[in-house]
2 protein chains.
Amino acid sequence: MPSPKVQIYEQLAELAKVLGSAHRLELIEYVSQGERSVERLAELTGLTVANTSQHLQLLRRGGYVRSRRDGKRVLYSLGDGPILALLASLQCYAERNSAEVRAIVGDYFGKLDQLEPVSREDLLQRLDDGDVTLLDVRPEDEFDLGHLPGALNVPLGKLELHLSELTPDREIVAYCRGPYCILSFEAVAALRAKGYRVRRLQDGFPEWKAAGYAVEVSP
Amino acid sequence: MPSPKVQIYEQLAELAKVLGSAHRLELIEYVSQGERSVERLAELTGLTVANTSQHLQLLRRGGYVRSRRDGKRVLYSLGDGPILALLASLQCYAERNSAEVRAIVGDYFGKLDQLEPVSREDLLQRLDDGDVTLLDVRPEDEFDLGHLPGALNVPLGKLELHLSELTPDREIVAYCRGPYCILSFEAVAALRAKGYRVRRLQDGFPEWKAAGYAVEVSP
DNA sequence: TAATCATTCAATTAATAGCTTGAATGAACT
DNA sequence: AGTTCATTCAAGCTATTAATTGAATGATTA
């Protein structure tokens, strides 16, 4: 019988191992954007349905996702507990320690001069001046629980549908769950590709709220 | 060529995979307590030297540890970046989501009534009254960079040597790097086994400092 | 009750990771 | 220079893990 300490490490390793697959990380991302069926997740990730199902079951065993039956489909959603915090922690570490990650992020965002994030103070100033559109790219339910005042909620998957609400000549400031949330990476890349001027907010909603700035809650 | 998003996930998965082994987590722990040679680490973990070396090289590739040559030995130490934060995040998640981890931690500490951690306010009060010994079980270099006022530094590995400094009839409050740092688990278990009355501080040094309480720095 | 559909299970193969062994490196001591 | 010692490398074996296929389950609909 191994020592309790080693037993704890074995459990931690078990949980870390589940995160050690790009496919599973991607599944967590999609699932964190809202309930999805296995078929839909398979489609989004490009995996076969059976394979997706197996990955989802590993994720469920680790508590990262949970499932419920809805008619003939099984819907997966994000588990509870500090999952996003854990992923943010991993990504934060990666961005500081892995030159490769920095390089990819750099390319992804395009030129370095465009990359510079907007500070909270800058944002407030420019919102006052009325010359920016503030975009919240988190899923609707997270938005409803609290968002930056005046933000427009356009969940990542629905970006295409809401393009008409965006004025191409106004700069857009996008934010999501935190400085290392991959949602805003996606959003910024997609909008840049369409010719919009977009920058990221320095950090995400949790940091904004923690800093004591005003927060709006959906009615 | 996979999409940049997938590339990032591949990198993150790579890093997570390195954490997906109990032996490697244990190695990180030992290495975080100070520079250690491969042979020493092999001895501490019970692995063969070659095997230890290989694990260390994986850890080094992930940036979790670094190495330097000292004479005929190679000394490994903790890498930089938010490694301990990442591990704390993992452990926090585990303790909330894994019944097994909670069970092990429960057993490890003994009865639940003894488990209750000491709050910061309680600690201050009781330090004022002078009826507790405050124990910092982090490595010496971390202690020197800042610690709770009046704390006694007894790094985990040297606990045996310093037993004489502890009065058995005074209650001991131990703290380390954070609420999920495994060092204090070890310390509390070891001291309890010797009959001391020990409790953990509610959280560790980083939280204490962040909350704005007084901090002492070694001269 | 049978048919349909989404998901899961079970079995297989291919790829990967962990551990051991013995040889190779590289620094220090004689 | 040769010897010793700590570490790393390389090869081989075993155990896990990933992905594929086809069958089984479980809930709806005809």
Side-chain angles (χ1 to χ4, degrees), chain A residues 2 6-7 9-28 30-31 34-77 79, chain B residues 2 6-7 9-28 30-31 34-77 79:
Chain A
V6 170
Q7 284 181 59
Y9 281 134
E10 277 166 4
Q11 295 294 321
L12 293 184
E14 210 62 44
L15 289 171
K17 214 177 279 180
V18 175
L19 297 181
S21 145
H23 288 151
R24 287 195 287 270
L25 292 176
E26 211 185 346
L27 283 169
I28 293 180
Y30 287 126
V31 144
E35 274 193 331
R36 298 278 146 86
S37 69
V38 178
E39 195 177 33
R40 188 76 229 289
L41 289 167
E43 194 184 310
L44 286 165
T45 53
L47 302 172
T48 65
V49 171
N51 197 7
T52 304
S53 172
Q54 287 182 156
H55 280 303
L56 287 169
Q57 277 164 73
L58 277 179
L59 286 169
R60 191 177 46 195
R61 252 196 279 153
Y64 296 106
V65 305
R66 62 181 142 191
S67 62
R68 72 180 180 89
R69 232 202 153 100
D70 172 44
K72 56 173 76 168
R73 294 181 311 169
V74 174
L75 299 179
Y76 280 85
S77 55
Chain B
V6 170
Q7 283 181 57
Y9 282 135
E10 276 165 4
Q11 296 294 321
L12 294 183
E14 210 60 44
L15 289 171
K17 215 177 279 181
V18 175
L19 297 181
S21 143
H23 287 150
R24 287 195 289 268
L25 291 176
E26 211 185 348
L27 283 169
I28 292 180
Y30 288 126
V31 145
E35 273 193 332
R36 299 278 147 85
S37 69
V38 178
E39 195 176 32
R40 189 77 229 287
L41 289 167
E43 193 185 310
L44 285 165
T45 54
L47 301 172
T48 65
V49 171
N51 196 8
T52 304
S53 173
Q54 288 181 153
H55 280 303
L56 287 168
Q57 277 164 74
L58 277 180
L59 285 169
R60 189 176 47 196
R61 252 194 279 154
Y64 296 105
V65 304
R66 61 182 142 192
S67 62
R68 73 182 180 87
R69 225 194 161 104
D70 172 45
K72 54 173 79 167
R73 293 180 313 167
V74 175
L75 299 179
Y76 281 85
S77 54

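Letters A, B, ... mirror the listed sequences (proteins, then strands); counts begin at 1.
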Contact class for B:Arg24 vs. all strands (heavy atom < 4.0 Å): base, sugar-phosphate, or nothing? sugar-phosphate
Figure out the NE2/P separation between A:His23 and D:dT17, and round it to whole Å. 18 Å
Tell me the interatomic distance from B:Arg60, atom CZ, to D:dT7, atom C1', rounded to whole angstroms. 11 Å
In whole angstroms, the gap separating P of C:dG26 from CZ of B:Arg69 amounts to 9 Å
Could you tell me whether A:Ser37 contacts a base, only the sugar-phosphate backbone, or nothing, with contacts defined as non-hydrogen atoms closer than 4.0 Å? sugar-phosphate
Nearest to the A:Asn51 side chain among C:dT8, D:dT20, C:dC19, which nucleotide is it? D:dT20
Identified side-chain hydrogen bond (donor to acceptor under 3.5 Å, both in side chains) partner of A:Glu35 from the options A:Arg40, A:Arg68, A:Arg66: A:Arg68
B:Val38 has its side chain closest, among C:dT4, D:dT7, C:dG22, to D:dT7
Please check if the side chain of B:Tyr64 supplies one atom and the backbone of B:Leu15 the other of a donor-acceptor pair under 3.5 Å. yes
Nearest to the side chain of A:Tyr76 - D:dA6, C:dT8, C:dA6? C:dT8
Side chain of B:Val74 - closest among D:dT7, D:dA18, C:dG18: D:dT7
Donor-acceptor contact below 3.5 Å, side chain A:Arg60 vs main chain A:Gly62: no
Reported CG-to-CG distance for the pair B:Leu75 and B:Leu41, which is rounded to 0.5 angstrom: 9.5 Å
Consider the side chain of A:Gln54, meaning its heavy atoms from C-beta on, and name the nucleotide among D:dT28, C:dT8, C:dA10 that approaches it most closely. C:dA10
Closest to the A:Val49 side chain, choosing from D:dC9, C:dT7, D:dA6: C:dT7
Applying the side chain to side chain contact (heavy atoms under 4.5 Å, CB included) criterion to B:Arg24, which one of B:Leu56, B:Val65, B:Leu58 satisfies it? B:Leu58
Between C:dT7 (P) and A:Leu47 (CG): distance, integer Å: 14 Å
Check the phosphate of D:dT17 against A:His55, side-chain N and O only, distance under 4.0 Å to OP1 or OP2. Yes or no? no
Quick check: are there more than 12 heavy atoms from other residues, nucleotides or ligands sitting under 6.0 Å from CZ of B:Arg73? no
A:Lys17 has a side chain; which of C:dC9, D:dC9, D:dT17 sits nearest to it? D:dT17
A:Ser21 or B:Ser67: which one's nearest nucleotide on DNA chain D is closer to the 5' end? B:Ser67
Contact under 4.0 Å: A:Ser53 side-chain N or O vs C:dT8 OP1/OP2: yes
Does D:dT20 have OP1 or OP2 under 4.0 Å away from a side-chain N or O of A:Thr48? yes
Starting from P on C:dT16, measure out to CD on B:Glu10 and report it in whole angstrom. 12 Å
If I take atom CZ in residue A:Arg73 and atom P in nucleotide C:dT8, what distance separates them, rounded to the nearest angstrom? 13 Å
Atom CG of B:Leu75 and atom C1' of C:dA28: how far apart are they, to the nearest Å? 15 Å
For B:Glu39 and D:dC5, what is the distance between atoms CD and P respectively, to the nearest whole Å? 11 Å
